[in-house]
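Let me begin by presenting the structure, written as structure tokens, before commenting on it.
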Amino acid sequence: MPELPEVETVRRGLEPAMVGKTIKKVHLSRPDLRFPFPDHFARTLEGHKILSLTRRAKYLLAELDNQQILVMHLGMSGSFRIEDKPVGQFHHQRGKSPTHDHVIFILEGDKQIVYNDPRRFGFMLLIPQNDIAQHKLFRKIGIEPLGNSLDGPQLTTLFRAKKVNLKTALLDQTLICGLGNIYVCEALFKSGLSPKRKAATLNGRTILARERAERLAHSIREVLTQAVAAGGSSLRDHRQADGSLGYFQHHFQVYDREGEACPNKCGCKIKRIVQSGRSTFYCAHCQK
DNA sequence: AACACCCCCTGTCGGC
DNA sequence: TGCCGACAGGGGGTGT
């Protein structure tokens, strides 16, 4: 489910339930997700308070009071939910945990946080606070598109020497982070730029080239901002931590709309092609 | 260094 | 109805 707007929505949903709370107990259903859980994963967390919950790219970072950062990534199918703790003595109902509930954080108070992930492409790591910036997962991450610095000139600089097309360049987390397949398609449609255009063609001295870069930067920020405001997108009935549904999926202009009429009423149909092994949806008439 | 491919895993959907 | 392939919001690892 998760691109930047979804991860940010999850963060906002979890923050009030988690921050300031002490983790009493951690249950794991298995030894690994995408990667093995670190040694002493539960023990390092248990008894410690969560000081903050932030987002970097598509990662959630829970800062603990022992100078450790709990790093969480949702992969393709990860989700969190906040539950009331089960009551009574049957705390651990053997074999009865719902399918794919892999991690349970039992917090002080009456709540527990459950991580569910059918495909198990998500993962959780512990990284000492001081090592985060140098860690291989974070060292090369690009700029945050909703930070203050993403504009036309910056995009132009980032894409200057790239040989790949715009679709691929926008998915590259080392350039701009947080975009995924949906929002790249949407941003390209909004900006009227073809996913097949070479990324380096945003680099040019002409007014036209500068305008293209400016349009794309603006479209990226706009689509992400609107999606965050809508609570992200809920595909395949995916729910947010509080059980509610995001509704930005109803605003998709092109994503998963192969064969439908272009929203610009140009008379063409949305096309689907494959780039870097992933589906791209676009209007060949409106995006050049 | 930059890029192209393959892979991880489960669930769902459409076609036959 | 059942079976089978294609595909799904990500990204790490490897080989060129």
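Chain naming here is simple, since letters A, B, ... match the order of the sequence lines and numbering starts at 1 in each.
Comparing the same atom, P, in B/dC9 and in C/dC3 gives a spacing of 23 Å after rounding to whole Å. Going from the P atom of C/dG9 to that of B/dC3 covers 22 Å, rounded to whole Å. Straight-line distance between the P atoms of B/dG11 and C/dG11: roughly 22 Å, to the nearest whole Å.
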Please step through salt bridge (charged side-chain N to carboxylate O under 4.0 Å, His left out) for the pair A/Arg12 and A/Glu15, ending with a clear verdict.
-> CA-CA 5 Å; A/Arg12 292 179 185 185; A/Glu15 187 173 41; over 6 Å; no
Test A/Gln253 against A/Glu186 for side chain to side chain donor-acceptor pair (under 3.5 Å), laying out the working first.
-> CA-CA 6 Å; A/Gln253 304 284 290; A/Glu186 295 298 310; 5.3 Å; no
Show your reasoning for whether salt bridge (charged side-chain N to carboxylate O under 4.0 Å, His left out) applies to A/Arg34 and A/Asp32.
-> CA-CA 6 Å; A/Arg34 175 169 184 174; A/Asp32 58 358; over 6 Å; no
Could you go step by step and tell me if A/Gln275 and A/Ile273 meet the side-chain contact (heavy atoms from CB on, under 4.5 Å) rule?
-> CA-CA 7 Å; A/Gln275 296 177 291; A/Ile273 59 173; 3.9 Å; yes
Criterion side chain to side chain donor-acceptor pair (under 3.5 Å) on A/Asn181 and A/Lys167, from CA distance to verdict = CA-CA 9 Å; A/Asn181 209 31; A/Lys167 169 76 183 301; 2.8 Å; yes
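Between C/dG10 and A/His73, no contact under 4.0 Å exists linking OP1 or OP2 to a side-chain N or O. Taking only side-chain nitrogens and oxygens, A/Lys162 comes nearer than 4.0 Å to OP1 or OP2 of B/dC3. In terms of phosphate contacts, A/Lys58 brings no side-chain nitrogen or oxygen within less than 4.0 Å of OP1 or OP2 of C/dG9. Dashed line: the shortest gap from a side-chain N or O of A/His100 to OP1 or OP2 of B/dG11 is under 4.0 Å. Contact between the side-chain N/O atoms of A/Ser279 and the OP1/OP2 oxygens of C/dA8 is found at a separation under 4.0 Å. The phosphate of C/dG9 (OP1 or OP2) has a side-chain N or O of A/Tyr255 nearer than 4.0 angstrom.
The CG-P distance, from A/Leu33 to C/dG10, rounds to 18 Å in whole Å. Taking atom CD of A/Gln173 as the reference point, atom P of C/dG12 lies 9 Å away to the nearest angstrom. When rounded to the nearest whole Å, the span between CZ of A/Arg139 and C1' of C/dG12 equals 14 Å. The distance between atom CZ of A/Phe123 and atom C1' of B/dC9, rounded to the nearest whole Å, is 15 Å. If you measure from atom CZ of A/Phe138 to atom P of C/dG11, you get 11 Å, rounded to the nearest angstrom. Summarising the geometry, the separation between CZ on A/Arg272 and C1' on C/dG9 is reported as 15 Å, rounded to the nearest angstrom. Rounded to an integer number of Å, the gap from CG of A/Leu235 to P of B/dG11 is 18 Å. We find that NZ of A/Lys167 is positioned 13 Å from P of B/dA4, with the value rounded to whole Å.
The ring-ring contact (aromatic ring centres under 6.0 Å, His included) contacts involving residues 163-199 of chain A comprise A/Tyr183-A/Phe248, where partners must be two or more places apart or lie in separate chains.
No side-chain heavy atom of A/Asp172 sits less than 4.5 Å from a side-chain heavy atom of A/Val164. By the 4.5 Å heavy-atom criterion applied to side chains, A/Arg30 and A/Arg120 are counted as neighbours.
Note on A/Ser276: nothing from the nucleic acid sits closer than 4.0 angstrom, heavy atoms only. Note on A/Tyr59: only backbone sugar-phosphate atoms sit closer than 4.0 angstrom, heavy atoms only; bases stay farther off. Using a 4.0 Å heavy-atom cutoff across all strands shown, A/Leu137 reaches sugar-phosphate atoms only and no base atom. Residue A/Arg120 is in sugar-phosphate contact alone, with no base atom involved, counting any heavy-atom pair closer than 4.0 Å across all strands shown.
Each of A/Phe41, A/Phe35, A/Tyr115 was scored for a ring-ring contact (aromatic ring centres under 6.0 Å, His included) with A/Phe123, with one residue passing: A/Phe35.
With a 3.5 Å limit on both pairing distances and Watson-Crick or G-U wobble geometry required, the stems of 3 or more pairs in DNA chain B span B:2-8 with C:10-16, B:10-16 with C:2-8.
When the nucleotides C/dG9, B/dC3, C/dG12 are ranked by their closest atom to the side chain of A/Val164, B/dC3 comes out on top.
Taking the 5.5 Å centre cut-off and the 30° plane limit, the aromatic side chain of A/Phe121 is classed as stacked on B/dC8.
One cannot find a donor-acceptor pair under 3.5 Å joining the base of C/dA8 and the side-chain atoms of A/Arg278. Between the base of B/dC9 and the side chain of A/Arg119 there is a donor-acceptor pair shorter than 3.5 Å.
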